[in-house]
Amino acid sequence: MSAPLKNDVFLRALMREPVPYTPIWLMRQAGRYLPEYNATRARAGSFMGLAQHPDYAAEVTLQPLERYPLDAAILFSDILTVPDAMGLGLSFAPGEGPRFATPVRTEEDVARLAVPDLERLRYVFDAVSTIRRELDNRVPLIGFAGSPWTIACYMVEGKGSDDYRQIKSMLYARPDLLHRMLEINAQATANYLNAQIDAGAQAVMLFDSWGGVLADGLFQQFSLAYTRKVVDALKREADGRRVPVIVFTKGGGMWLEEIAACGCDAVGVDWTVNLGRARERVADRVALQGNLDPMTLFGGAQAIRQEARRTLDAFGPVGKGGHVFNLGHGISQFTPPEAVSELVDEVHTYSRSFHGK
């Protein structure tokens, strides 16, 4: 058994245990808004050069923790590493975002898909081990993956999309093909997250970034059902401690109760959701994570502190419930670094008095 964490407030909040303050970390906290990240990325030569080099990945994972007293680190990687390992040919063109060389569009394309050999993702697990060693138990490390549906969106579209025309065409015209792809994605994702846990991840998160683009009824069939398959297959204890699972569906507020029932320990919510009402809806069965609008960080110190307090007040007294403060989606690359300092300070300072009530 490894040495105890110096700061386990994040894990305790996820398990709805008493905490002295509300913990905070930020989605995409290691990223382009930090000048030190951009310097490391320039040395690495590309995004994939960063992600596939364990030492670089560890370096950028730790950078925000050197600047800010955040309560968790999150592995620096990408949700598309799994389909890349399936042979789809992932690349990142400057200013364009991710792109696959061989999208999955036909019956033959789907037939060729297979759960990848985890050795093709060894660089991710080596990064997890390196980060854990360099963190020296300062804070927990979060591992993550994309949800089967979200990964499928990129696999079929070949890149990001405004209308999801390709994958929705497959969904309506050939749902059997899409289900086959989602089944493979679910198996691959569970294997991938379990290997991250084996390498040292102390919590894991599923990013269902595009679940909210589905119609009601179809979300349950094509997104949530496969998220549940992943959650059901995860290792939930390592090194003598529970490994909490967070599920985040952007735009999924209307399905909050159903997401909370998928077996996860915490549900991430975007900024369109009122945390107090969300807490009532899930009846404290799970912790909640979120949910400040990332654009708040452009409003200046007073607005940032005011909105942080409003978010904490919305969740309400902690009691048996758990709240992890976060943004409602990833931090913008244009965010002033000093804005994050204001946010982290306000969450910690205000919530200490708040928790003392």
Side-chain angles (χ1 to χ4, degrees), residues 7-29 64 68-72 139 142 203 205 212 244 246-257 259-260 264-332 335-336 338-357:
N7 174 358
D8 67 350
V9 175
F10 165 73
L11 294 179
R12 282 194 278 146
L14 288 179
M15 298 313 302
R16 292 174 293 114
E17 297 171 1
V19 290
Y21 62 87
T22 301
I24 177 173
W25 70 278
L26 305 177
M27 288 185 272
R28 221 181 285 147
Q29 67 189 20
Y68 315 113
L70 295 158
D71 295 291
V139 294
I142 306 165
M205 180 163 171
I246 308 162
V247 171
F248 171 62
T249 298
K250 186 172 184 288
M254 68 179 289
W255 304 302
L256 181 60
E257 294 89 343
I259 297 168
C264 61
D265 299 289
V267 178
V269 291
D270 65 26
W271 61 89
T272 64
V273 173
N274 177 281
L275 277 181
R277 288 198 286 274
R279 188 177 179 187
E280 291 173 3
R281 288 167 61 189
V282 301
D284 281 341
R285 291 190 304 274
V286 293
L288 294 173
Q289 179 175 277
N291 65 335
L292 190 74
D293 181 351
M295 295 301 106
T296 305
L297 295 173
F298 295 94
Q302 183 177 345
I304 291 167
R305 290 181 180 271
Q306 177 180 313
E307 288 302 299
R309 290 192 297 271
R310 189 183 64 78
T311 302
L312 290 163
D313 286 340
F315 183 83
V318 176
K320 291 188 301 179
H323 179 209
V324 172
F325 199 104
N326 209 311
L327 302 177
H329 201 224
I331 189 169
S332 164
T335 302
E338 59 273 17
V340 177
S341 296
E342 299 282 354
L343 177 63
V344 175
D345 178 69
E346 188 62 33
V347 170
H348 282 161
T349 302
Y350 183 71
S351 69
R352 281 187 187 278
S353 64
F354 192 75
H355 284 247
K357 289 180 183 178

Taking every non-hydrogen atom, the tightest pair across [X] and [Y]:
| X | Y | answer |
| --- | --- | --- |
| Arg285 | Glu257 | NH2-O, 4.4 Å |
| Leu256 | Ala278 | CD2-CB, 3.3 Å |
| Ala203 | Leu11 | CB-CD2, 4.1 Å |
| Gly328 | Phe248 | O-CZ, 3.2 Å |
| Ala287 | Ala13 | CB-O, 3.6 Å |
| Ala308 | Leu292 | N-CD1, 4.3 Å |

Residues in side-chain contact (heavy atoms from CB on, under 4.5 Å) contact with Ala72, at least two apart in sequence or another chain: Phe10, Trp25, Ile142

If you define the side chain from C-beta out and look only at heavy atoms, does anything of [X] sit under 4.5 Å from [Y]?
| X | Y | result |
| --- | --- | --- |
| Leu275 | Leu288 | yes |
| Ile246 | Cys264 | no |
| Leu297 | Ser332 | no |
| Leu70 | Gln29 | yes |

Candidate pair Trp271 and Lys250, rule side chain to side chain contact (heavy atoms under 4.5 Å, CB included), full reasoning: CA-CA 9 Å; Trp271 61 89; Lys250 186 172 184 288; 4.1 Å; yes

Strictly distance-based, threshold 3.5 Å: is any side-chain N or O of [X] a donor or acceptor partner for the main-chain N or O of [Y]?
| X | Y | result |
| --- | --- | --- |
| His323 | Gly290 | yes |
| Ser351 | Tyr21 | no |
| Thr335 | Ile331 | no |
| Asp71 | Ile24 | yes |
| Gln306 | Ala303 | no |

Pairwise distance [atom1]([X]) to [atom2]([Y]) - rounded to 0.5 angstrom:
| X | Y | atom1 | atom2 | value |
| --- | --- | --- | --- | --- |
| His329 | Met27 | NE2 | CE | 6.5 Å |
| Leu26 | Leu343 | CG | CG | 6.0 Å |
| Phe315 | Asn291 | CZ | CG | 11.0 Å |
| Leu312 | Tyr350 | CG | OH | 7.0 Å |
| Phe325 | Thr311 | CZ | OG1 | 4.5 Å |
| Thr296 | Arg305 | OG1 | CZ | 14.0 Å |

Evaluation steps, side chain to side chain contact (heavy atoms under 4.5 Å, CB included), between Ile259 and Val267: CA-CA 7 Å; Ile259 297 168; Val267 178; 3.9 Å; yes

For the pair [X] and [Y], find out whether any cationic side-chain nitrogen is under 4.0 Å from an anionic carboxylate oxygen.
| X | Y | value |
| --- | --- | --- |
| Arg277 | Glu280 | no |
| Arg12 | Glu17 | no |
| Arg16 | Asp284 | no |

Residues Gln289, Met205; criterion side chain to side chain contact (heavy atoms under 4.5 Å, CB included); working and verdict: CA-CA 11 Å; Gln289 179 175 277; Met205 180 163 171; 3.6 Å; yes

Derivation of the side chain to side chain contact (heavy atoms under 4.5 Å, CB included) call for Leu14 and Val286: CA-CA 8 Å; Leu14 288 179; Val286 293; over 6 Å; no

